[in-house]
Structure formats: structure tokens, C-alpha cells
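Here is the structure we will look at, set down as C-alpha cells.
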Amino acid sequence: MTDVFDLVVIGSGTAAQVASARVRAAGWRVAVADHRPFGGTCALRGCDPKKMLVSGAEAIDAARRMRTHGIEGDLRIEWPALLAFKRTFTAPTPSKHERRYADRGIETVRGRARFTGPDTVLIDGMELKARHILFAAGARPVALGIPGDG
């Protein structure tokens, strides 16, 4: 059975959120699909987690620069603890994003999308037909080719 939408968005990050919310507010029937946890690269694997990790390094740097000005002691980053702290921000993101979509009346579908026709995608065995299909799947970072780049 094919489910019919006005818009199907592939990806669930910031662009998907903005586009799907605006067209849903205009009365369109909308679905958002993603094969990864909902929230997108920035919130889960990029911008936001990076800020948590950089903040730790900035704190160490600031303390070291103030060492001769009244700040004493050796500081170090405890990576497992810093990563655990970062996860307190990223872990709730997928469920919050799915809840936001549901609150707006936007359907969510988990799975990898594959075109089966000019206006039809198959997602985890579910066929969706749409007047419009928007790719909002983000991008992949360029591999640096150095140890630890993955």
C-alpha cells in the first residue's frame, strides 16, 4: 500500500525541521524520513557536540595562560568524562525531534529512502508517494587522512 503526501523530506536535521514545519503549517501533509537517529549531523555528530569538546580544551588553555597570574594547579581533560557530558546533550535529541514532528502533525519514518519512481520512495518496506520530495540529508565531512580522523 502506498501512503500519499504533499511533501516527503529525506533527512531530519535543521533544514528538514524548518522546511517540514513551514509546509505543514500551510496545511500540507508531510513525512520526514531518516535512516539515522533524528536530529541531523549538527545536533548529533557535528556542531553541537563539537562545542562541548572545544569548551573543555578552551578551559584548559585559559587556565594555562593564567598560570602566572594567580591560577595554579595542573589541569587535564578526562576524555571519558567529557564525552559522557557531551552525551547528556546529544542523547535526548532524537526523541525530542521526533516528538516535535509528531506535535506538528508531521509523520516520521525510520529507514533509508530509495526512489522507486519519479515521485515515489521506498523506506524500510513502506512506499511513500509525494508531490514534492526534498533532500535535506546533509553532507559527509572530508576525511583528513590522519590518525583519529574517524
Side-chain angles (χ1 to χ4, degrees), residues 1-64 75-150:
M1 184 171 134
T2 302
D3 211 349
V4 180
F5 293 87
D6 295 299
L7 174 68
V8 170
V9 181
I10 300 178
S12 64
T14 304
Q17 292 168 50
V18 172
S20 64
R22 288 185 181 170
V23 298
R24 179 67 188 120
W28 288 26
R29 184 160 186 240
V30 180
V32 173
D34 205 329
H35 72 283
R36 296 183 103 173
F38 277 63
T41 296
C42 189
L44 295 172
R45 298 171 294 280
C47 313
D48 297 347
K50 175 213 54 168
K51 289 173 189 171
M52 298 298 115
L53 301 177
V54 167
S55 293
E58 288 173 341
I60 299 288
D61 178 59
R64 286 182 179 157
L75 296 176
R76 65 182 173 77
I77 293 176
E78 178 64 37
W79 281 107
L82 186 57
L83 289 174
F85 174 66
K86 182 230 12 147
R87 285 186 197 104
T88 66
F89 289 88
T90 58
T93 298
S95 60
K96 285 193 318 190
H97 282 254
E98 285 193 70
R99 195 168 38 255
R100 278 190 203 129
Y101 286 125
D103 290 348
R104 290 183 170 119
I106 297 167
E107 295 191 38
T108 57
V109 182
R110 292 182 185 192
R112 190 175 297 274
R114 179 173 68 84
F115 274 94
T116 56
D119 59 355
T120 310
V121 291
L122 184 66
I123 304 168
D124 200 29
M126 181 178 181
E127 191 169 67
L128 307 179
K129 184 178 182 108
R131 288 191 304 140
H132 303 279
I133 298 172
L134 171 65
F135 285 98
R140 289 187 188 179
V142 174
L144 299 175
I146 60 172
D149 73 343

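For this chain, numbers begin at 1 and follow the sequence in order.
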N/O donor-acceptor pairs under 3.5 Å from side chains in residues 17-26, not counting sequence neighbours:
residue	atom	partner	partner atom	Å
Gln17	NE2	Gly13	O	3.3
Gln17	NE2	His97	ND1	2.9
Ser20	OG	Ala16	O	2.7
Ser20	OG	Gln17	O	3.3
Arg24	NE	Arg104	O	3.2
Arg24	NE	Gly105	O	3.3
Arg24	NH1	Trp28	O	3.0

Identify every side-chain donor-acceptor pair in residues 46-54 under 3.5 Å, counting partners at least two apart or on other chains, and give the distances.
none

Using residues 81-88 as the side-chain source, report each donor-acceptor pair under 3.5 Å to any protein atom, sequence neighbours left out, with the distance given to one decimal.
residue	atom	partner	partner atom	Å
Thr88	OG1	Phe85	O	2.5

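Heavy-atom minimum distance, Leu44 versus Pro94: CD2-CD, 3.9 Å. Between Asp124 and Gly111, the shortest heavy-atom distance links the atoms CB-CA, 4.3 Å. In this structure, Phe89 and Thr93 approach most closely via the heavy-atom pair O-OG1, 3.3 Å.
Checked options Asp119, Leu128, Leu134; the residue passing with Val8 is Leu128 (criterion: side-chain contact (heavy atoms from CB on, under 4.5 Å)). Tested against Asp6 for a salt bridge (charged side-chain N to carboxylate O under 4.0 Å, His left out), the candidates Lys129, Arg29, Arg131 yield a single pass: Arg131. Here the rule is side-chain contact (heavy atoms from CB on, under 4.5 Å) with Phe115, and of Thr120, Ile133, Leu122 only Ile133 fits it. Just one of Leu7, Val32, Val9 meets the side-chain contact (heavy atoms from CB on, under 4.5 Å) condition when paired with Ile106; it is Val32.
When the salt bridge (charged side-chain N to carboxylate O under 4.0 Å, His left out) test is applied to Glu78, the partners found at least two apart in sequence or on another chain are Arg76. Remark: Thr116 pairs with Glu127 by the side chain to side chain donor-acceptor pair (under 3.5 Å) rule, at least two apart or across chains.
Distance CZ/Arg45 to OG1/Thr90: 10.5 Å, rounded to 0.5 Å.
Legend: salt bridge (charged side-chain N to carboxylate O under 4.0 Å, His left out) pairs involving residues 90-103, not counting sequence neighbours, sorted by first then second residue: Glu98-Arg110.
Counting only distance, with no hydrogens or angles, the side chain of Ser12 and the backbone of Gly39 share a donor-acceptor pair below 3.5 Å.
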